[in-house]
Amino acid sequence: MGVTKEQVESSLTSKLNPSHLEVIDTSGGCGASFAIEIVSEQFEGKRLLERHRIVNGALEEEMKEIHALSIKKALTPEQWKQQQESEKSKSDA
Amino acid sequence: MAYGNFERLALCLVVTGERLRREQLTMALRWAMAVSSPNSSLHADAALPKFSSTKTLYPSQGTFNFPPNSTSRLLFSGPKSNNFSSTARTLPFRCFASALTPQLKDTLDKVVKSNKVVLFMKGTKDFPQCGFSNTVVQILNSFNVPFVTVNILENELLRQGLKEYSSWPTFPQLYIEGEFFGGCDITVEAFKSGELQELLEKAMCS
């Protein structure tokens, strides 16, 4: 039972067309708990709550098996770029 | 054993409850509880199948006591009710088209609107039974704002119904001023950004 990391990735990729996606299985093997970082243009102009709803919606089928889904980041490509740059400048300094 | 008897008796009363007036039902349930489990922590009012947000709220504890699976008893009433046993509470509710009955929706409307901050969580604020729920409790505690919690583990129908009510698949679920605010991640994020503090201050002043 449970869901695999690949299933979560493929659902998110096909539905949200993310420019960056990282899925981490935090369940310790049972496939019921995941952490996600996702960057998609579909988040443009949406509040965080709406972004989470989009992700939850994309994983509707999987959510039946998933106990905990932690969405670490749900950013637009623009925000992602900014974050990457600020992190880069921090490490450079 | 005493509890099992009580459950059967309670179901009996629920099934025949349509004919009984509400007061009579309350009296009967009080009697049933006194007889079957004198030390029970359950409240007679809370055991009534009809949710009432004003009656089940105990402000001193800041906790709602939803009756354990009481609505499920209503659903199981009818010809099948003869077979009612304690196993009924573990039956999966997915077989029903919708767990969010109009009655439950009304009750939830009342609960989230009559309290500024409501947290639907696993466990209680003093004894959270899930790390994510605990995180949100700690955040709310840090602001020192009054909030009520509802333990969704006590009532499977409530748990399923809430998922539909909030269109949110997981718990905890935080409501501020009658509006769904978010789950654990969103609350943590808003806590870090200061947005949550702003919102809570606004809610407390209104």
Side-chain angles (χ1 to χ4, degrees), chain A residues 1-3 7-8 11-12 15-16 18 21-28 30-40 42-43 45-76 79-80 82-83 86-87 90, chain B residues 92-99 112 118-123 128-136 139 152-153 156 159-160 162-200 203:
Chain A
M1 288 309 276
V3 186
Q7 275 174 285
V8 175
S11 285
L12 289 174
K15 285 171 189 154
L16 302 180
L21 176 66
E22 192 172 346
V23 178
I24 306 153
D25 187 338
T26 50
S27 69
C30 74
S33 175
F34 293 91
I36 292 174
E37 271 184 26
I38 183 166
V39 179
S40 168
Q42 293 191 28
F43 296 147
K46 301 260 189 345
R47 290 187 305 136
L48 189 60
L49 177 67
E50 293 170 282
R51 294 178 187 188
H52 280 226
R53 282 204 198 280
I54 292 172
V55 175
N56 287 335
L59 293 176
E60 206 186 345
E61 279 306 304
E62 289 82 357
M63 281 311 286
K64 289 173 189 163
E65 306 283 335
I66 297 176
H67 167 76
L69 182 73
S70 177
I71 304 169
K72 296 288 175 204
K73 281 177 190 166
L75 304 173
T76 61
Q79 289 173 317
W80 175 243
Q82 279 173 8
Q83 230 178 59
S86 73
E87 270 172 37
K90 258 186 229 162
Chain B
F93 284 91
R94 279 179 199 154
C95 52
F96 297 105
S98 171
V112 298
V118 183
L119 181 67
F120 296 97
M121 62 178 287
K122 295 183 177 177
Q129 286 176 264
C130 154
F132 299 99
S133 291
N134 182 42
T135 303
V136 178
I139 287 175
I152 52 97
L153 293 177
E156 182 62 22
R159 182 179 180 171
Q160 296 306 329
L162 257 172
K163 291 182 185 179
E164 287 174 46
Y165 183 78
S166 310
S167 325
W168 198 259
T170 53
F171 291 94
Q173 297 181 358
L174 180 63
Y175 276 80
I176 299 174
E177 288 204 288
E179 291 260 328
F180 179 62
F181 182 73
C184 180
D185 289 324
I186 289 178
T187 308
V188 169
E189 201 75 12
F191 173 62
K192 285 186 196 157
S193 72
E195 189 195 329
L196 183 62
Q197 182 168 10
E198 209 176 293
L199 191 68
L200 286 174

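Lettering follows sequence order; numbering is per chain, from 1.
- Interface check for chain A: of the options B:Ala190, B:Cys184, B:Pro169, the most heavy-atom pairs under 4.5 Å are formed by B:Pro169.
- Atom CZ of A:Arg47 sits about 8.0 Å away from atom CD of B:Glu195, to the nearest 0.5 Å.
- Residue contact with chain A, scored on non-hydrogen atoms closer than 4.5 Å, involves the backbone and the side chain of B:Phe180 alike.
- Residue pairs meeting the side chain to side chain donor-acceptor pair (under 3.5 Å) criterion with at least one member in residues 177-187 of chain B, sequence neighbours excluded: A:Ser70-B:Asp185, B:Glu177-B:Ser206.
- The local environment of CD in A:Gln83 is crowded, with over 12 non-hydrogen atoms from other residues, nucleotides or ligands closer than 6.0 Å.
- Here CG of A:Asn56 is found 11.5 Å from NZ of B:Lys163. Values are rounded to the nearest 0.5 Å.
- Counting all heavy atoms, side chain and backbone alike, B:Lys122 lies closest to A:His67 at NZ-CE1, 2.9 Å.
- The candidate from B:Gly183, B:Gly182, B:Ser167 with the greatest count of non-hydrogen atom pairs under 4.5 Å with chain A is B:Ser167.
- Taking a 6.0 Å sphere around CD of A:Glu60, one finds it holds 12 or fewer heavy atoms contributed by other residues, nucleotides or ligands.
- Note on B:Thr170, B:Val188, B:Ile186: by heavy-atom pairs under 4.5 Å with chain A, the leading option is B:Ile186.
- With a 4.5 Å cut-off on non-hydrogen atoms, A:Leu69 touches chain B through its backbone but not through its side chain.
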